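The next block holds one structure in the form of C-alpha cells; read it before the comments.
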Amino acid sequence: MREAIKQKMAELVPELQGRIFDVLPPEGQSTPFAVIVLGEEIWKSGWAGYRQVIRIRLHGSAAEAPSRDEQARRLIDGLHRIPVPVSTADRASTVMFHYLGSREAEGTDSSSGTTVRALRFGIYIPESQGEAQAGTPEDEWLAALAAWTKEQLDDTWAVYRDQWPADLGSRAILWRMTGYETRLPGASMYEVRKSFTGHVIAPDTASEQGIAILLAERLSAQIQLPLNAAQRRYLSAAEIKADLQADAILEGQLRLTLAQRHVRPSEEAALIRRVEMQPKLK
C-alpha cells in the first residue's frame with residue numbers, strides 16, 4: 001500500500017521523487033519532502049467495510065508556501081476519486097481515494113523545523129464478497145433493479161448489489177435493500193413494499209449528482225419495472241427521493257420504494273357460515 005501511494009505521489013509531484021518517507025525523514029533532509037502516515041482501519045458498515053485514513057504531510061520552508069499550495073492541489077486533483085492500483089501478499093487490486101479535507105492548519109514540525117501542511121484521504125476496504133454472501137439467497141427484486149439500472153447506462157458503469165467490491169472502479173452504482181413491509185389496501189389483496197438505497201460513485205460530484213437525478217427521473221417515468229416479464233410480474237415505484245449531499249460510499253444518494261400487489265387466495269378469506277336474526281331485542 002505505502003509503495004503504491006509513494007509511486008502515485010511521485011507521478012503527480014515529481015519534485016517529491018525520492019523524498020517521500022514513512023513516519024520520519026532522515027536527519028538533515030532538505031525540503032521539500034513528504035511523510036505518509038497510515039491510520040487504523042475502522043469498521044464503517046456492512047456494505048462499505050473498513051475505512052482507513054491516510055495523512056500526507058507536506059514539509060517545506062515558510063517561503064515555499066506557494067509551492068506547497070501547488071503540490072496540495074496536484075495531489076487532491078490526482079488522488080480524489082481516482083482508482084490507484086495496489087498489491088498485497090494475496091492479490092493485486094485497486095483502491096479509491098476520497099479527499100477528507102485538512103483539519104489541521106499549517107504548522108511547524110518541531111523535529112525537523114519545517115512548515116507542514118497535512119492532507120487527509122480515506123480509502124474503503126470492503127470485506128470479501130465471497131465470504132459475506134456465501135449461502136445467502138439473492139433477492140429477486142434487488143436483482144431486477146440492478147438489471148434495470150444497468151440498461152439505463154453505458155458500458156463504462158458497473159452495477160453492484162448488497163456491498164461494494166474490492167475493485168470499485170471510477171463509475172459504479174450500488175443498490176442494497178434496507179426495508180420490507182406489507183399493507184392491506186383491501187380484504188381481497190395485500191401489497192408488498194421493499195425499500196432500497198442507491199449509491200452513485202463517479203469521478204466528480206457533478207457526475208454523481210447527474211446520474212442520481214437521471215435514475216430518479218427514469219424510475220418516476222417507469223410505469224412498471226419488469227420482475228419476470230414471461231410471468232407478467234412487475235414492480236411499481238411507490239416513492240423516490242434523491243439526497244445529492246449524502247456521502248456516496250456510506251449513505252447513498254437515492255431512496256427508493258418498490259411495491260407489488262397480490263390477490264389473496266380465496267381460502268384465506270373469512271367465510272360467513274351462518275346468519276341468525278332475533279326478532280326481538282330486550
Side-chain angles (χ1 to χ4, degrees), residues 1-45 48-88 93-126 164 168 170 201-209 244-251:
M1 175 74 76
R2 288 180 183 272
E3 294 307 314
I5 299 173
K6 290 179 182 179
Q7 181 178 348
K8 186 64 177 180
M9 287 177 60
E11 292 174 2
L12 297 170
V13 187
E15 58 266 34
L16 293 179
Q17 179 72 48
R19 294 169 169 260
I20 305 171
F21 307 100
D22 302 331
V23 185
L24 294 174
E27 186 175 353
Q29 173 65 45
S30 61
T31 61
F33 63 88
V35 174
I36 298 175
V37 181
L38 299 185
E40 181 184 359
E41 294 179 6
I42 304 297
W43 174 257
K44 301 303 292 186
S45 69
Y50 295 84
R51 186 178 75 176
Q52 184 177 29
V53 175
I54 298 172
R55 290 175 173 81
I56 298 176
R57 299 169 62 86
L58 300 174
H59 290 249
S61 66
E64 293 173 326
S67 297
R68 276 192 303 282
D69 290 340
E70 176 62 17
Q71 291 170 4
R73 184 194 65 78
R74 279 185 275 171
L75 289 173
I76 294 169
D77 292 346
L79 289 175
H80 183 50
R81 299 174 186 265
I82 304 297
V84 176
V86 299
S87 297
T88 63
S93 62
T94 60
V95 296
M96 182 81 75
F97 283 75
H98 296 263
Y99 179 56
L100 303 178
S102 180
R103 292 180 180 175
E104 309 166 13
E106 198 168 72
T108 302
D109 180 61
S110 57
S111 59
S112 63
T114 57
T115 302
V116 183
R117 180 177 305 177
L119 306 178
R120 297 170 63 251
F121 292 86
I123 61 171
Y124 293 90
I125 308 167
W164 291 115
L168 181 57
S170 59
I201 290 291
D204 56 81
T205 302
S207 298
E208 286 182 354
Q209 294 179 348
L244 302 182
Q245 303 303 315
D247 184 282
I249 291 284
L250 296 179
E251 300 171 346

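This structure is a prediction, so every number in the text was calculated from the model and none was measured. Keep in mind that the numbers below use all heavy atoms, side chains included, and drop hydrogens, waters and symmetry copies.
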Q. Does the Arg68 side chain pair with the main chain of Glu106, one donor and one acceptor, at a distance under 3.5 Å?
A. no

Q: Looking only at non-hydrogen atoms, find the nearest pair between Lys8 and Leu79 and report the distance.
A: CG-CD2, 3.6 Å

Q. How many angstroms lie between CD1 in Ile56 and CD1 in Ile5, if you round to the nearest 0.5 Å?
A. 7.0 Å

Q) Which is it for Leu58 and Leu16 under the side chain to side chain contact (heavy atoms under 4.5 Å, CB included) test, yes or no, and what are the steps along the way? A) CA-CA 10 Å; Leu58 300 174; Leu16 293 179; 4.1 Å; yes

Q: Hey, could you give me each pair passing side chain to side chain donor-acceptor pair (under 3.5 Å) that has a residue in residues 27-40? Not counting sequence neighbours.
A: Arg19-Ser30, Thr31-Glu64

Q: Nearest 0.5 Å please: distance from the CD1 atom of Ile201 over to the OG atom of Ser170.
A: 10.0 Å

Q) Looking only at heavy atoms, what is the nearest atom pair of Met9 and Ala34, with distance? A) CE-CB, 3.9 Å

Q: Can you measure from CD (Gln7) to CG (Leu12) and round to the nearest 0.5 angstrom?
A: 10.5 Å

Q) Is any side-chain heavy atom of Arg81 less than 4.5 Å from a side-chain heavy atom of Thr205? A) yes

(Q) Could you walk me through whether Arg55 and Leu119 satisfy the side chain to side chain contact (heavy atoms under 4.5 Å, CB included) test, starting with their C-alpha distance in whole Å, then the side-chain angles of each, then the deciding distance to 0.1 Å, before giving a yes or no? (A) CA-CA 6 Å; Arg55 290 175 173 81; Leu119 306 178; over 6 Å; no

Q.
Would Ile20 and Phe33 count as a side chain to side chain contact (heavy atoms under 4.5 Å, CB included) here? Give the steps.
A. CA-CA 6 Å; Ile20 305 171; Phe33 63 88; over 6 Å; no

Q. Do the side chain of Thr115 and the main chain of Thr108 share a donor and acceptor less than 3.5 angstrom apart?
A. no

Q: Mind running salt bridge (Lys or Arg N to Asp or Glu O under 4.0 Å) on Asp69 and Arg73 for me, showing each step along the way?
A: CA-CA 6 Å; Asp69 290 340; Arg73 184 194 65 78; over 6 Å; no

Q) What heavy-atom pair brings Gln209 and Leu244 nearest, and what distance separates the two atoms? A) NE2-O, 3.5 Å

Q. Are any side-chain N or O atoms of Arg120 and backbone N or O atoms of Leu100, one a donor and one an acceptor, separated by less than 3.5 Å?
A. yes

Q: Using modelled atom types only, decide if a donor and an acceptor are shared between the side chain of Gln52 and the backbone of Gly39 within a distance under 3.5 Å.
A: yes

Q. Hey, are the side chains of Pro25 and His59 touching, using non-hydrogen atoms and a 4.5 Å cut-off?
A. no

Q. What are the two closest non-hydrogen atoms of Pro83 and Met96, and how far apart are they?
A. N-SD, 3.9 Å

Q.
What verdict does the side chain to side chain contact (heavy atoms under 4.5 Å, CB included) test give for Val37 and Ile54, after you've listed the backbone C-alpha separation in whole Å, the side-chain angles of each residue and the deciding distance to 0.1 Å?
A. CA-CA 6 Å; Val37 181; Ile54 298 172; over 6 Å; no

Q) Roughly how far, to the nearest 0.5 Å, is CG of Leu75 from CZ of Phe97? A) 10.5 Å

Q | Sequence neighbours excluded - ring-ring contact (aromatic ring centres under 6.0 Å, His included) pairs with any residue from residues 2-22 | A | none

Q) Closest heavy-atom contact between Ala65 and Arg117? A) O-NH2, 4.3 Å

Q: Return the minimal non-hydrogen interatomic distance between Pro14 and Arg74, and the atom names on each side.
A: CD-NH1, 3.6 Å

Q.
Less than 6.0 angstrom separating the ring centers of Phe121 and His80, yes or no?
A. no

Q. Checking Glu251 side chain against Ala246 main chain: does a donor-acceptor pair fall under 3.5 Å?
A. no

Q. For Lys6, which residues count as a salt bridge (Lys or Arg N to Asp or Glu O under 4.0 Å) partner, sequence neighbours excluded?
A. Glu3, Asp22

Q.
What's the separation between atom NZ in Lys44 and atom OH in Tyr124, rounded to the nearest 0.5 Å?
A. 6.5 Å

**Q.** Spacing of Ile249 atom CD1 and Ile123 atom CD1 [to the nearest 0.5 Å]
**A.** 11.5 Å

